[in-house]
Amino acid sequence: MQLKTKIKSGPLLCWDIYATYLIEQSNFSNKLVEKQALNVFKKKFNWSVDIDETLDRHNYEALVLTDVQQHIQWVNKGFSKMTGFPANYTKHKKPNFLQGEKTCKETLSKIRMLIKMGKGFTEQIVNYKKDGTPYNCHIKVYPLRDNNKIITHFLALEKTII
């Protein structure tokens with residue numbers, strides 16, 4: 001006995017494939033804007049780092065650019081999405097406004113020491129969103145040097161750890 005099955009074809013009713021495409025295009029566009037913004041800083045301060053390669057090499061949600069005194073100069077849209085703080089709120093503040101009760105003091109001390117020494121590092125820290133919710137944050141920090149090897153800024157690539 002042979003079963004006959006009719007397969008009915010029709011229009012695609014699921015937008016999953018198209019939505020995935022749109023998300024990928026949005027992410028690509030955001031990364032392009034981030035590269036362009038940081039390359040403007042690179043040109044202004046004569047950084048020797050390859051911004052495009054650095055961003056392409058890592059998975060991140062947020063970017064935070066600080067001067068050597070750790071005052072925020074620029075953040076990407078991902079930072080606002082991750083923390084709830086608008087970009088204009090962060091300008092000229094130190095990133096410590098993200099810290100709170102559960103932030104490890106030993107980790108903070110280690111970070112301060114590494115920044116003072118001008119070293120890059122990777123660390124995990126508990127930060128706080130605008131609404132007070134704590135989150136685990138993976139941070140990779142790069143010291144940015146000019147052509148004379150003098151550190152002018154630090155770039156932090158951050159992502160939430162679940």
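Just so you know, these numbers come straight off a predicted model, no measurement behind them.
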Under the ring pair (Phe, Tyr, Trp, His ring centres under 6.0 Å) rule, what pairs show up with a residue in residues 139-162, not counting sequence neighbours?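 As it turns out, the ring pair (Phe, Tyr, Trp, His ring centres under 6.0 Å) pairs with a partner in residues 139-162, which skip direct neighbours, are F45-H153, W47-H153, H58-Y142.
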Return all side-chain donor-acceptor pairs below 3.5 angstrom for residues 115-122, not counting sequence neighbours, or 'none' if the list is empty.
from: T122; atom 1: OG1; to: K140; atom 2: NZ; distance (Å): 3.2

E53: which residues meet the side chain to side chain contact (heavy atoms under 4.5 Å, CB included) condition with it, sequence neighbours left out?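 Listed in chain order: D50, R57.
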How would you list, by chain and number, every residue that makes a side chain to side chain contact (heavy atoms under 4.5 Å, CB included) with E101, sequence neighbours excluded?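 With sequence neighbours excluded, E101 shows a side chain to side chain contact (heavy atoms under 4.5 Å, CB included) to Y128, given in chain and number order.
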Counterpart residues, side chain to side chain donor-acceptor pair (under 3.5 Å), relative to T133 (two or more places apart):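 Testing T133 for side chain to side chain donor-acceptor pair (under 3.5 Å), a comparison that skips the adjacent residues, returns D131.
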To the nearest 0.5 Å, what is the distance between [atom1] on [X] and [atom2] on [Y]?
| X | Y | atom1 | atom2 | answer |
| --- | --- | --- | --- | --- |
| T107 | R112 | OG1 | CZ | 10.5 Å |
| Y60 | N76 | OH | CG | 6.5 Å |
| N147 | R145 | CG | CZ | 12.5 Å |

Please check if any side-chain donor atom of N39 sits under 3.5 Å from a side-chain acceptor atom of D52, or the reverse.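 Result is yes, a qualifying pair exists.
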Testing I150, I151, N46, L65 one by one against L144 for a side chain to side chain contact (heavy atoms under 4.5 Å, CB included), which residue passes?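 Considering I150, I151, N46, L65, a side chain to side chain contact (heavy atoms under 4.5 Å, CB included) with L144 is found only for L65.
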Reference residue L63; test side chain to side chain contact (heavy atoms under 4.5 Å, CB included); the match among E158, K77, E34, K31: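 Output: one option passes, namely E34.
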side-chain contact (heavy atoms from CB on, under 4.5 Å) assessment of T160 paired with E61: CA-CA 8 Å; T160 304; E61 293 173 61; 3.3 Å; yes
Apply side-chain contact (heavy atoms from CB on, under 4.5 Å) to the pair V64 and V141, showing each step before the final yes or no. CA-CA 9 Å; V64 180; V141 174; over 6 Å; no
Compile the donor-acceptor pairs under 3.5 Å between side chains in residues 89-98 and protein atoms, sequence neighbours left out, one pair per line.
from: T90; atom 1: OG1; to: A87; atom 2: O; distance (Å): 2.7
from: K91; atom 1: NZ; to: Q73; atom 2: O; distance (Å): 3.2
from: K93; atom 1: NZ; to: Y89; atom 2: O; distance (Å): 3.2

